[in-house]
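Notes follow once the structure below has been shown.
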Amino acid sequence: MAAAAAEQLRESFSTGRTRPAAWREAQLRGVLRMATEMETEICDALHADLAKPRTESYVQEISQVKSSCKFALKNLKKWMKPQKVSAGVLTFPSTARIAAEPLGVVLVISAWNYPFLLSVDPVIGAIAAGNAVVLKPSEIAPATSALLADLLPRFVDGSCIKVAEGGVPETTALLEQKWGKIFYTGNGKVGRIVLSLAAKHLTPVVLELGGKCPVVVDSNVDAHVAAKRIAVGKWGCNNGQACVAPDFIITTNSFAPKLVESLEKVLLKFYGKDPLQSPDLSQIVNSNHFNRLSRLMDEEMVSDKVVFGGQRDELQLKISPTLLLDVPLDSAIMKEEIFGPLLPIITVDKIHESFALINSMTKPLAAYLFTKDSTLQDQFENGISAGATIINDTSIHLTNLHLPFGGVGESGMGAYHGTFSFEAFSHKKAILARCFIGETKARYPPYTPEKLKIVKGVLKGNLLAMIQAISGCPRGA
Ligand code: NAD
């Protein structure tokens, strides 16, 4: 199946069908129509998979897909236009340009937590860049996977864009094929498998991975505003099951009580006294993840650190927003990516101590800082390596299509969104064209000291040497 699908798409791609702007625009309009006309079906599937609140489904998935389509449609011609560059003195006379070339048939493997967005958004980039695509949605979000398999062929050219459903065996079979690019979203353990299988065919990859996103909160901030922005970026994003969700907070000993109090107030306002019954909180995706999160909470050195929340309901797969204060740094909750509604708060004497702690961990996908101190902002921006740095807010950077979205180090490689999506799925081809005048004899053997002198003169921009190089070397050269 995997081999047959890849072969069929290779044939379609080789006809040149996907290259013209008109084909790309038609597909992008198809995806836009799908996201618009099928909003209810998409929200229903996301609810079936994750009990995702309709507002989050629309704002964080459907509307993002629509924005990406519109952005690509608006910029496509500009992106496709070869970019003229300086011809350079050594190749005079010539013209030089950079052309974006499609990579061929590409594979997109997506994750369960934003199963619509993470599937369709990379596909938009692949289409815009003129590729044929196989999309492999996550089997952990089966309703959205089935919906995409049903919908996409109805809205786009099925001879060039296909959905292949399945789990590990099916994904492994796909990874064994030769692709123009593999775009993978998910955890780093599988990222390593993807990278090693891609190596067999020297296939380039984008890995959109995760990690522990830190939030540093300085004591000079408005605690209530900071608490609201942290809470919406954590529990308002799929109940913490988001790659950019705040994973832990670092604040000062003296400010921690005020911050905890503000977070509690905000959480009560957002989700009420019985958050397990709130329709505005997603469920945990499955019992494996529910048990994993329960283990993190129940670890002996952590279980007495819960200062707010901690309720769970295994039947409903729900865990309430939970704050934990001063958990030991060697606990599992501080070593693994949490990817759920638990939020540990680490305290330090001075806010600058947070830098050493963050830098002792793997590089995060996003690092957040709340402060009014512009010097601290600069130090954070320059002193912490992360996929993105956000000051005085969380998670919203991914809505800005002018910014690249991707990790660094263990949080991933490569980036997408907006122009970066087009670039992720394009090869930048160098094109240099000459005519038959302007022969530079000094270029050709037999080499002589005089020819070398002319070449050196040309390289220095010496006008006489240039004239000599074109018009012919002086006698004896
Ligand atoms: P997942 O379980 O849905 O797996 C992702 C994909 O990998 C799926 O399509 C799955 O079929 C495939 N897969 C799983 N095991 C495989 C194997 N052994 N061989 C080949 N393919 C395999 O999702 P997940 O990994 O649980 O996703 C959560 C992780 O993804 C978190 O670490 C999160 O931070 C990260 N994430 C990153 C981004 C981002 O944009 N950077 C977005 C969402 C999630």
Side-chain angles (χ1 to χ4, degrees), residues 2 49-50 52 60-61 64 68 107-123 125 134-146 148-149 163-177 179 182-198 205-213 234 237-247 282 284-286 288-290 292-293 335-340 362-366 386-388 395 397-399 403-417 420-421 424:
D49 285 331
L50 290 149
K52 199 173 271 206
Q60 297 170 12
E61 302 214 37
Q64 286 276 105
S68 290
L107 174 64
V108 171
I109 302 171
S110 77
W112 55 264
N113 61 323
Y114 282 78
F116 181 71
L117 174 71
L118 298 176
S119 296
V120 181
D121 214 8
V123 169
V134 172
L135 163 66
K136 213 301 290 176
S138 175
E139 73 283 14
I140 312 282
T144 312
S145 175
L148 284 165
V163 178
E165 286 194 276
V168 176
E170 290 81 2
T171 316
T172 308
L174 285 166
L175 285 167
E176 276 157 5
Q177 304 305 308
W179 304 97
I182 299 171
F183 187 106
Y184 164 81
T185 304
N187 67 72
K189 199 169 146 219
V190 176
R192 286 168 170 82
I193 297 174
V194 171
L195 200 54
S196 63
L197 289 171
V205 298
V206 170
L207 298 179
E208 291 286 341
L209 310 177
K212 292 182 82 63
C213 300
K234 173 81 172 176
C237 290
N238 211 21
N239 204 6
Q241 302 167 104
C243 54
V244 290
D247 190 278
S282 294
I284 305 306
V285 67
N286 59 24
N288 283 347
H289 282 276
F290 184 91
R292 178 184 64 77
L293 289 162
K335 294 231 169 275
E336 295 169 21
E337 180 184 6
I338 296 171
F339 218 62
T362 57
K363 294 180 180 183
L365 188 58
S395 303
H397 56 297
L398 50 82
T399 60
L403 290 173
F405 182 74
V408 57
E410 292 204 19
S411 53
M413 58 180 75
Y416 73 134
H417 285 192
F420 306 97
S421 290

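Each ligand, and each atom within it, is numbered from 1 in the order the structure gives.
Which of T185, L175, L117, N187 comes nearest to atom 29 (C) of ligand 1 through a heavy atom is settled by distance: it is N187. Distances from atom 7 (O) of ligand 1 to the heavy atoms of Y184, Y114, W112, Y416 put Y184 nearest.
A distance-only check finds a donor-acceptor pair linking the side chain of W179 to the backbone of L174 [under 3.5 Å].
Numbered from 1 in the order shown, with element, the atoms of ligand 1 that lie under 4.0 Å from a heavy atom of T171 read 11 (O), 20 (C), 21 (N). Close approach of ligand 1 to I193 is summarised as follows: ligand atoms under 4.0 Å from at least one heavy atom of the residue are 18 (N). Less than 4.0 angstrom separates some heavy atom of I109 from each of these atoms of ligand 1: 6 (C), 7 (O), 9 (O). Each of the atoms 1 (P), 3 (O), 9 (O) of ligand 1 lies under 4.0 Å from some heavy atom of S138. Ligand-side atoms of ligand 1 in range of L365: 41 (N), range being under 4.0 angstrom from any heavy atom.
Geometrically, ligand 1 and K136 share a nitrogen or oxygen pair separated by less than 3.5 Å. Between H289 and ligand 1, no pair of N/O atoms sits closer than 3.5 Å.
The heavy-atom pair separating N238 from N113 by the smallest distance is ND2-O, 2.9 Å. Here the closest heavy-atom approach between residue G240 and residue A245 is recorded as O-CB, 3.7 Å. Listed here is the closest heavy atom pair of C243 and F405: SG-CZ, 4.1 Å. Residues P137 and E165 share a closest heavy-atom pair of CD-CA, 4.5 Å.
With a 6.0 Å cutoff to the six-membered ring centre and a 45° limit on the axis angle, K52 counts as a cation-pi contact of Y114.
Side-chain contact between L293 and I338 is present, with heavy atoms from C-beta onward closer than 4.5 Å. For the pair H397 and V244, the minimum side-chain heavy-atom distance is below 4.5 Å. Q177 places none of its side-chain heavy atoms less than 4.5 Å from the side chain of L107.
Using a 4.0 Å cut-off between heavy atoms, L209 contacts ligand 1 through its backbone alone, with no side-chain atom that close. Only the side chain of F339 comes within contact range of ligand 1, with a heavy atom under 4.0 Å; no backbone atom does. Only the side chain of V190 comes within 4.0 Å of ligand 1, counting heavy atoms alone; its backbone N, CA, C and O stay farther away.
Nearest non-hydrogen protein atom to atom 39 (C) of ligand 1 is C243 SG, 3.5 Å. Nearest protein heavy-atom contact of atom 32 (O) of ligand 1 is E337 OE1, 2.6 Å. Among all non-hydrogen protein atoms, the one lying nearest atom 35 (C) of ligand 1 is G186 O, 3.4 Å. Of all protein heavy atoms, the one closest to atom 17 (C) of ligand 1 is V168 CG1, 3.7 Å. Nearest protein neighbour of atom 10 (C) of ligand 1, counting heavy atoms only, is E139 OE1, 3.4 Å. The shortest contact between atom 44 (C) of ligand 1 and any protein heavy atom is with N113 OD1, 3.5 Å.
Using a non-hydrogen distance threshold of 4.0 Å, F405 registers as a contact of ligand 1. Note on ligand 1: S110 sits in its first shell, one or more heavy atoms being nearer than 4.0 Å.
Taking a distance limit of 4.0 Å, we find that atom 4 (O) of ligand 1 is approached by no protein heavy atom.
Rounding to the nearest 0.5 Å places CG of L50 at 6.5 Å from CD of Q241.
Ring-plane geometry between W112 and H289 is classed as tilted, the angle between the planes lying from 30 to 60 degrees on a 0 to 90 degree scale.
Looking at K335, K212, K234 one by one, the single match for salt bridge (charged side-chain N to carboxylate O under 4.0 Å, His left out) with D247 turns out to be K212.
A salt bridge is defined here as a Lys NZ or Arg NE, NH1 or NH2 lying under 4.0 Å from an Asp or Glu carboxylate O, and E410 with R192 meets this definition.
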